[in-house]
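The structure appears right after this line, and notes come after that.
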Amino acid sequence: MSFDLALLSTFAPRLLTGLGWTASITLVSVIAGAFWGLALALARRQWRGLDLAVAIYVAIFRGTPLLIQLFLLYYGGPSLGLTLDSTTTGLVGLTLYGGAYFSEIFRAGFTAVPAGQEEAARSLGLGRWLTFRLIQLPQLLAAVIPPITNQSIILLKESAVLSVITVPELTFETTRMVTETFSVLEPYLAIALLYWAAATVVSHAGRHAEAALTRHMSPPASGLISHDTPEAISNPAANKDEPHVRSRAEHHTCS
Amino acid sequence: MFKSLLFSRLCLIFVTGAALAASSAPPARADLLDDIKKNGKITIATEARFPPFEFVENGKIVGYGRDMLDLIMARMPGVKVEQLDLPWQGILPGLAAKKFDFVVTSVGITKERADKYALTLPIADGTVGLLKRKSDTAIAKPEDIAGKVVGTQAGSSHLKTLQDYDAKLKRETGKGVGQIKEYIDFNEAFADLGAGRIQAVAHSISNLGPLIKQRGDTFAVVEPPFGPRNYFSWAGRKEPDSATLVQFFNEGIAELNRSGKMKELQQKWFGFAMDVPADKVPDPVM
Amino acid sequence: MFDFVTALSYVDQLATGAVTTFTLSLAAIVVGCPLGFALYSAKRSGGLLARFAATYISFFRGTPLLVQLLILFYVPPALGLPVSSLVAAFLGLTLNTAAFQAEIYRAGYQSLPKGQAEAASALGLSRWQIHRLVLLPQVLRLTLPALTNEAVDILKNSALVSVIAVTDLLRVGQQVTAVTYRPLEVYIAVAALYLILTSLIGLAGRFAESRFKMQDAHR
């Protein structure tokens with residue numbers, strides 16, 4: 001086994017096409033998953049009856065591997081009359097999976113805004129919409145952007161699993177390169193580098209979004225805006241006396 | 001800062017790569033077969049999702065290939081077989097990367113493989129044909145897959161056969177296969193054929209016969225096979241230190257072939273016997 | 001239409017796979033714990049060691065576990081290191097979780113008020129004593145929910161080890177579908193087993209949390 005750069009340049013166009021697929025799939029499923037997650041979190045708040053149903057949904061989608069979920073959707077779906085093509089299955093699968101995590105992020109985010117603020121705003125004569133738009137939304141966004149960034153990076157990496165249902169994304173193209181060249185070193189190092197670079201881009205984008213959203217907020221609200229400053233940890237989502245440490249899903253930077 | 005970060009990572013990766021390349025001189029190993037006998041263990045790679053050649057029953061790898069392996073390994077008493085089950089796509093590259101000593105899984109003979117690996121005497125017929133849904137009347141002969149979606153395994157000789165056939169169809173009729181879908185393993189292609197996402201699966205007729213026995217209600221074979229007559233082999237490395245091990249397996253396969261034991265096993269696993277050359281590795285047909 | 005009887009007749013095989021999945025994940029989580037602490041300490045130490053730790057953490061968190069496993073499986077033999085499938089899988093999961101755990105511990109330590117260490121130091125406690133008696137118990141308690149989630153993630157992600165020839169729960173499921181041609185039923189059974197395993201981890205985590213809370217109440 002020796003390292004062959006020429007091999008990489010030969011396959012570069014295909015790997016980059018794969019990377020394009022990976023990027024598009026991640027983007028679409030992050031956006032769709034965030035909306036789905038928001039819908040789930042809102043439904044849970046509005047209708048108590050849905051609380052248990054959403055909780056079960058979240059437990060199932062967070063408690064089983066994405067790979068199995070995709071297998072079930074793709075190979076099991078047709079026997080239930082649901083035949084989606086591989087790319088659609090991948091997007092739907094990632095959205096449903098990501099939605100479970102996003103809904104938890106939003107649920108925590110809602111509790112980031114103390115109820116007293118809403119009461120105060122209302123007593124000052126602001127309508128419901130304005131209260132939400134001017135008081136609650138900016139703080140909610142500030143609270144959810146870091147964990148959403150982290151979850152986006154996780155979805156970027158998890159999208160590699162779509163290769164098993166024949167979606168021609170980066171990992172799929174790399175597997176083809178491996179079977180055609182019988183080499184493992186160059187393809188796998190190249191793909192590691194590409195994912196790493198992509199994750200770094202998402203991480204930086206997240207920080208930019210965060211900076212833009214919190215520019216007007218001073219001083220930094222409850223320390224949840226930055227990943228790296230020492231105060232960054234206390235999570236207002238948890239009980240006041242119970243500081244909470246973010247997990248893989250909630251805390252993921254890539255610096 | 002972002003750029004410099006990326007750049008330093010790039011450097012890191014390539015330095016690692018270069019270091020690996022520099023240190024990847026073949027280890028001083030005299031003879032693999034001697035080592036295997038000395039250590040009392042041989043590591044073999046198998047894709048155990050390829051019935052009836054190799055598959056898992058009650059937690060054990062069984063099948064035509066396994067039976068042959070057992071008979072051949074009886075000639076090397078005291079050596080334990082460690083048989084790894086992994087996806088096809090990792091098997092030949094893993095052999096080159098020295099993850100295993102030998103590959104006992106159905107390796108279709110192609111020119112690229114014969115150039116890179118030491119393929120053994122053939123173990124079975126590997127000619128490629130088509131599987132379709134029984135209810136699908138639109139496909140009666142191989143040419144009918146023009147414009148249709150056909151599935152097969154990623155990185156397989158079947159894929160190569162299908163691509164060659166696609167090129168031939170385009171050349172002769174101007175219309176090739178609609179789309180070729182590549183799966184990690186054949187079972188997923190069968191599932192997708194059943195689900196209706198694809199219209200046919202290109203697979204070797206040796207596998208299709210037994211499949212039809214089990215799933216004749218759902219699937220049917222399209223006659224005749226569209227691929228050129230081809231064979232399955234096992235594979236070792238081409239490096240000189242592997243030569244005696246490959247020789248050992250070649251002798252074992254030849255013996256099983258001449259004694260008629262191979263045909264007996266074919267009857268047991270496939271329900272029919274095949275004509276398999278016993279004297280030399282056939283030239284690649286693709 | 002559904003034929004769960006077929007899937008259920010393979011329950012022995014599936015259970016064996018589940019045991020492999022569980023043991024492998026548990027070993028990775030446990031060994032990853034001291035490694036994670038070491039990485040966290042290295043990242044704090046400054047200098048070259050900190051740069052290494054930061055790059056390590058970034059790499060293992062920024063690339064798919066699948067790719068990490070493939071590299072660990074295929075690359076060592078090129079360097080003359082024989083690494084078996086099981087060892088490569090264990091190493092991959094452990095090195096991966098160590099990076100995530102390092103960040104969890106960092107967050108845990110950062111959430112402790114600085115005054116505590118200062119107060120303990122004023123009371124005459126040594127640095128080691130401060131760490132062992134004052135900081136560590138709190139960090140463990142604070143990070144428990146995050147660690148539970150991490151354990152669940154590792155167990156789920158261990159479904160990828162089948163690509164490097166470990167016969168885990170997922171691979172057994174695939175082997176069974178190859179014989180039964182019943183993907184739906186078999187994968188539902190496999191998903192249910194994963195759900196049981198991850199729920200067990202969740203329950204264990206919650207149990208440990210409640211024990212910590214009881215200790216607090218007794219104080």
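All values below come from the heavy atoms of this structure, side chains included, with hydrogens, waters and symmetry mates left out. A note on names: the letters A, B, ... follow the listed sequences, proteins ahead of strands, and every chain is numbered from 1.
Taking all atoms of both residues into account, the shortest heavy-atom contact from B:N58 to C:Q13 is N-NE2, 3.1 Å. Contact between C:S162 and B:P87 at its shortest, heavy atoms only, is O-CD, 3.7 Å. The two residues C:Y74 and B:K99 have their closest heavy-atom pair at CD2-CG, 3.8 Å. Between B:A191 and C:P183, the shortest heavy-atom contact is CB-CG, 4.3 Å.
For B:E82, the salt bridge (Lys or Arg N to Asp or Glu O under 4.0 Å) criterion is met by B:K41, not counting sequence neighbours.
For C:T16, no part lies near chain B; criterion is any non-hydrogen pair under 4.5 Å. Looking at B:Q89, neither its backbone nor its side chain comes within 4.5 Å of chain C, counting heavy atoms on both sides. Proximity to chain B (any heavy atom under 4.5 Å) is shown, for C:Y10, by neither the backbone nor the side chain.
When each of B:I184, B:L211, B:D185 is checked for heavy-atom pairs under 4.5 Å with chain C, B:L211 comes out on top. Chain C forms the most heavy-atom pairs under 4.5 Å with one residue out of B:D85, B:V56, B:N187, B:L86, and that residue is B:D85.
Contact residues of residues 167-176 of chain C toward chain B are C:R171, C:Q174, C:Q175 (heavy-atom distance under 4.5 Å).
Rounding to the nearest 0.5 angstrom, the gap separating the OG1 atom in C:T177 from the CZ atom in B:R49 is 4.0 Å. Taking NZ from B:K98 and CG from C:L81, the interatomic distance works out to 13.0 Å, rounded to the nearest 0.5 Å.
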